[in-house]
Number of protein chains: 2
Amino acid sequence: MKVLEELTGTGQALSHTELEATFSKVDRITLYRVLKDFEEAGIVHKIIGPDGVTRFAVCRHNCPDETHTEDHVHFNCTNCHKVFCLEHTHNPDLRLPTGFKVSGIQILVQGICKHCS
Amino acid sequence: MKVLEELTGTGQALSHTELEATFSKVDRITLYRVLKDFEEAGIVHKIIGPDGVTRFAVCRHNCPDETHTEDHVHFNCTNCHKVFCLEHTHNPDLRLPTGFKVSGIQILVQGICKHCS
DNA sequence: CTTTAAATGCAACCTTGTTGCATTTAAAGT
DNA sequence: ACTTTAAATGCAACAAGGTTGCATTTAAAG
Ligand SMILES: [Mn+2]
Ligand SMILES: [Mn+2]
Ligand SMILES: [Zn+2]
Ligand SMILES: [Zn+2]
């Protein structure tokens, strides 16, 4: 519950390492399990950025458990290194070469975030 | 050189694990170093997918060393699990919320590839 | 108050990737 | 052809991130 509060409170996606620092009393394995459970329950979603860092963010766009569509852009600030869910910036339609059938899109934008600019 | 031939020959992005299987005689550390050197030389580019797997692909769009812009979409087949560079499918322009300044975009599309469909 | 299940912690292990150092291999110089 | 020098390779060791099995705590039901 405390972990969920932290994820809900902060406006960003947090890595296991960051959460571990916040909850230093909690064992790292417990933290892994909590995050895994949240993910499987559809409460949070996992974002693995182009940097390879895994982060977690709460699902805000009241997505039903079934269609757990992750239809928004993520932003990675090159200054503060934070990752934000841009919930209102939806994935664009892409025209791919013939033969390729799209089922999902993951977009991660790099740049300077609102707070750093 | 053999590694570069392999990367050039195959139409996909290959992971270290895959290359290790192909070049079983070569030590895995040597392979890591070769790939790192290629990347720093701007000969190949590294792609870390939403699955967290790191893959390497040759740069084909004769990009100059300076502006090593990675301006194309990557495709991850959910059937054969291969990753392709869609060199001719360029990144779209995105409208982000005010305050966010874009410097780069990474797009990874999931679906069924040309060969699997 | 007792029974039972869930949550936690610990140890051990795996994968991916890096670094230091000794050894091979190959390129230059004489 | 022989020596010198540098680059490339292999090995050991290590570190970060993550998973699994098992014993123990904690808390929920009965
Ligand atoms: Mn998100
Ligand atoms: Mn590419
Ligand atoms: Zn920032
Ligand atoms: Zn395929």
Side-chain angles (χ1 to χ4, degrees), chain A residues 1-8 10 12-59 65 68 70 74 76-78 80-83 106 108 110, chain B residues 1-8 10 12-59 65 68 70 74 76 78 80-83 106 108:
Chain A
M1 286 299 109
K2 288 280 180 66
V3 173
L4 191 54
E5 280 175 32
E6 174 74 13
L7 283 172
T8 311
T10 182
Q12 357 151 1
L14 297 174
S15 66
H16 175 272
T17 315
E18 286 165 333
L19 286 166
E20 205 181 341
T22 308
F23 301 97
S24 48
K25 330 120 200 171
V26 182
D27 192 70
R28 69 189 190 97
I29 287 112
T30 306
L31 203 46
Y32 275 119
R33 283 195 273 235
V34 165
L35 291 170
K36 199 181 177 187
D37 290 348
F38 282 165
E39 201 205 342
E40 285 170 359
I43 299 172
V44 307
H45 61 269
K46 195 200 281 192
I47 311 156
I48 305 184
D51 55 356
V53 177
T54 303
R55 275 172 257 246
F56 300 87
V58 288
C59 292
D65 294 303
H68 190 56
E70 199 47 60
H74 292 129
N76 183 17
C77 180
T78 50
C80 65
H81 300 108
K82 291 177 181 173
V83 170
Q106 198 239 35
L108 216 143
Q110 280 118 258
Chain B
M1 286 300 106
K2 288 278 180 66
V3 173
L4 191 54
E5 279 174 34
E6 175 74 12
L7 284 171
T8 312
T10 184
Q12 0 152 357
L14 298 174
S15 67
H16 175 272
T17 314
E18 287 165 332
L19 287 167
E20 206 181 340
T22 309
F23 301 96
S24 48
K25 331 121 201 172
V26 182
D27 192 71
R28 67 186 192 99
I29 286 112
T30 306
L31 203 47
Y32 275 118
R33 283 195 273 236
V34 164
L35 291 169
K36 198 180 176 189
D37 289 350
F38 282 165
E39 201 205 342
E40 286 170 359
I43 298 172
V44 307
H45 62 269
K46 194 198 283 189
I47 310 155
I48 305 184
D51 55 355
V53 177
T54 303
R55 275 172 256 247
F56 300 87
V58 288
C59 292
D65 294 304
H68 191 54
E70 200 46 57
H74 292 129
N76 183 15
T78 50
C80 64
H81 300 109
K82 290 177 182 174
V83 169
Q106 199 241 33
L108 216 143

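Sequence lines set the chain letters: A, B, ... in the order given, protein chains first and strands last, and positions in each chain run from 1. Keep in mind that the numbers below use all heavy atoms, side chains included, and drop hydrogens, waters and symmetry copies.
Contact detail for A:His45 and A:Val58: the closest heavy-atom pair is CE1-O, 3.9 Å. Contact between A:Ile48 and B:Pro50 at its shortest, heavy atoms only, is CD1-O, 3.2 Å.
Among the nucleotides C:dG17, D:dT9, C:dG9, the one closest to any side-chain atom of B:Thr54 is C:dG17. The B:Thr17 side chain lies nearest to C:dT16 when the options are D:dG17, C:dG17, C:dT16. Relative to the side chain of A:His16, the nucleotides D:dG18, C:dG9, D:dT20 differ in distance, and D:dG18 lies closest. When the nucleotides D:dG18, D:dG10, D:dT9 are ranked by their closest atom to the side chain of A:Tyr32, D:dG18 comes out on top.
The separation between B:Ile29 atom CD1 and C:dA22 atom P is 16 Å, rounded to whole Å. Rounded to an integer number of Å, the gap from CG of B:Asp27 to P of C:dT16 is 15 Å. C:dT18 atom P lies 10 Å from atom CD of B:Glu40, rounded to whole Å. Distance A:Glu20 CD to D:dA16 P: 11 Å, rounded to the nearest Å. When rounded to the nearest whole Å, the span between CG of B:Leu31 and C1' of C:dT18 equals 14 Å. B:Met1 has its CE atom 16 Å from the P atom of D:dA7, to the nearest Å. In this structure, B:Glu18 places its CD atom 11 Å from P of C:dT16, rounding to the nearest Å. Protein atom NZ of A:Lys2 is 16 Å distant from nucleotide atom P of C:dA7, rounded to whole Å.
Base-pair partner of D:dG30: C:dC1 (Watson-Crick or G-U wobble, both distances under 3.5 Å). C:dC14 is paired with D:dG17 under the criterion used here, namely a Watson-Crick or G-U wobble arrangement in which both key atom distances are under 3.5 Å. Pairing partner, C:dT24: D:dA7, with both Watson-Crick or wobble hydrogen-bond distances short of 3.5 Å.
Under a 3.5 Å cut-off, the side chain of B:His74 and the backbone N or O of B:Gly49 do not form any donor-acceptor pair.
The base of D:dG17 has none of its N or O atoms less than 3.5 Å from a complementary donor or acceptor on the side chain of A:Arg28. Side-chain atoms of A:Arg33 and base atoms of C:dG9 include a donor and an acceptor less than 3.5 Å apart.
Distances shorter than 4.0 Å separate none of the side-chain N or O atoms of B:Thr30 from OP1 or OP2 on D:dA8. For the pair B:Lys36 and C:dT19, the criterion of a side-chain N or O lying under 4.0 Å from OP1 or OP2 is met.
The CG atom of A:Leu14 sits 5.0 Å away from atom CG of A:Leu19, with the distance rounded to the nearest 0.5 Å.
By the salt bridge (Lys or Arg N to Asp or Glu O under 4.0 Å) test, A:Asp51 pairs with A:Arg55, sequence neighbours left out.
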